[in-house]
Structure formats: structure tokens, C-alpha cells
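Since the structure comes first, as C-alpha cells, the remarks are kept for the end.
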Amino acid sequence: MNIFVAKLNFKTRKEDLQAAFEQFGEVSSAKIVLDRDTKRSKGFGFVEMPNDNEALQAIAALNEKELDGRVIVVKPANPKPANNY
DNA sequence: GCTGAGCGT
């Protein structure tokens with residue numbers, strides 16, 4: 001299950017995201033979307049969880065919750081956009 | 001060094 005995480009603190013890193021979600025289940029990968037030029041966080045990211053029910057629990061538990069001092073938004077992600085680099 | 005909606009280099 002792909003999970004979309006928004007309104008992250010700009011200093012939050014991908015490992016911080018993964019650590020937060022691992023409390024509720026297995027996390028295969030976590031990612032913070034960085035700006036292509038400045039490499040700074042765009043303030044949102046994605047988390048991949050193999051187990052769907054654990055993913056839903058993690059979403060329910062972390063949505064509207066606080067991470068690194070910021071209230072984040074967690075919801076199922078949309079399909080990946082087409083590769084147009 | 002900075003900002004604050006929203007879906008990925």
C-alpha cells in the first residue's frame with residue numbers, strides 16, 4: 001500500500017518517516033520528496049507498506065497527528081505519475 | 001538560514 005504523507009516538517013528526513021510508520025507495521029520503503037534543484041524537502045513524502053491492514057492502521061493512527069513538531073496528513077497515495085524526467 | 005498546499009527525480 002502506498003501512503004501519502006503531507007505537511008511534514010522541512011527538517012524531517014525519510015528515516016524519521018519510516019520510524020514513525022514502523023511502530024504500526026512493516027515498512028518496505030519511505031521517501032521524502034525533495035526539490036530537484038535545492039534538494040530541500042518539499043514538505044511531503046511517501047511510505048510503502050506491504051501489509052495492507054497494517055497500512056490502514058498506521059494511516060488512522062498517524063493522520064492528523066504530530067511528527068517532529070508538525071501536524072501531518074496521512075492518506076492513501078494516488079498512482080505514480082508517468083515518468084517524464 | 002527562508003515556505004506550508006498537496007501526490008513522487
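Here the structure is a predicted model, which is why all the values come from computation and not from measurement. First the proteins, then the strands, lettered A, B, ... as listed; each starts at 1.
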Report all side-chain donor-acceptor pairs from residues 36-44 of chain A shorter than 3.5 Å, counting only partners two or more places apart or in another chain.
{"from": "A/Thr38", "atom 1": "OG1", "to": "A/Arg40", "atom 2": "N", "distance (Å)": "3.3"}
{"from": "A/Lys39", "atom 1": "NZ", "to": "A/Arg36", "atom 2": "O", "distance (Å)": "2.9"}
{"from": "A/Ser41", "atom 1": "OG", "to": "A/Gly43", "atom 2": "N", "distance (Å)": "3.0"}

Practice problem: Determine, answering yes or no, if A/Phe44 is stacked on B/dA5 under the 5.5 Å centre rule and the 30° plane rule. | Solution: no
Quiz item: For A/Phe46 and B/dC7, do the ring centres fall under 5.5 Å apart while the planes stay under 30° apart?
Solution: no
What is the distance, rounded to the nearest whole Å, between atom [atom1] of [X] and atom [atom2] of [N]?
{"X": "A/Asn9", "N": "B/dC2", "atom1": "CG", "atom2": "P", "answer": "10 Å"}
{"X": "A/Met1", "N": "B/dC7", "atom1": "CE", "atom2": "P", "answer": "17 Å"}
{"X": "A/Phe10", "N": "B/dG1", "atom1": "CZ", "atom2": "P", "answer": "14 Å"}
{"X": "A/Asn63", "N": "B/dG6", "atom1": "CG", "atom2": "P", "answer": "15 Å"}
{"X": "A/Asp37", "N": "B/dT3", "atom1": "CG", "atom2": "P", "answer": "19 Å"}
{"X": "A/Asp35", "N": "B/dG4", "atom1": "CG", "atom2": "P", "answer": "16 Å"}
{"X": "A/Glu66", "N": "B/dG4", "atom1": "CD", "atom2": "P", "answer": "19 Å"}
{"X": "A/Asn78", "N": "B/dG8", "atom1": "CG", "atom2": "P", "answer": "8 Å"}

Quiz item: Side chains of A/Glu54 and A/Phe24: closer than 4.5 Å at any heavy-atom pair?
Solution: no
Exercise. Compare the minimum distances between each of B/dC2, B/dG6, B/dT3 and the side chain of A/Arg40, then state the nucleotide with the smallest one.
Key: B/dC2
Exercise. Measure from the side-chain heavy atoms of A/Val33 and tell me the nearest of B/dG6, B/dG1, B/dG8.
Key: B/dG8
Exercise. Would you mind telling me which residue lines up with the more 5' stretch of DNA chain B, A/Ser41 or A/Pro76, judged by nearest nucleotide?
Key: A/Ser41
Exercise. Starting from the 5' end of DNA chain B, give me the residue, A/Lys31 or A/Arg70, whose nearest nucleotide shows up first.
Key: A/Arg70
Practice problem: Would you classify A/Leu8 as touching base, sugar-phosphate or nothing, given that sugar-phosphate means primed atoms plus P, OP1 and OP2, and contacts are heavy atoms under 4.0 Å? | Solution: base
Quiz item: Can you find a donor-acceptor pair, distance only, under 3.5 Å between A/Asn2 side chain and B/dG8 base?
Solution: yes
Exercise. State the CE-CD distance between A/Met49 and A/Gln57, to the nearest 0.5 angstrom.
Key: 8.5 Å
Quiz item: How long is the gap from CG on A/Asn9 to CD on A/Glu66, to the nearest 0.5 Å?
Solution: 10.0 Å
Practice problem: Give a yes-or-no answer on whether the side chains of A/Asn2 and A/Glu48 include a donor-acceptor pair shorter than 3.5 Å. | Solution: yes
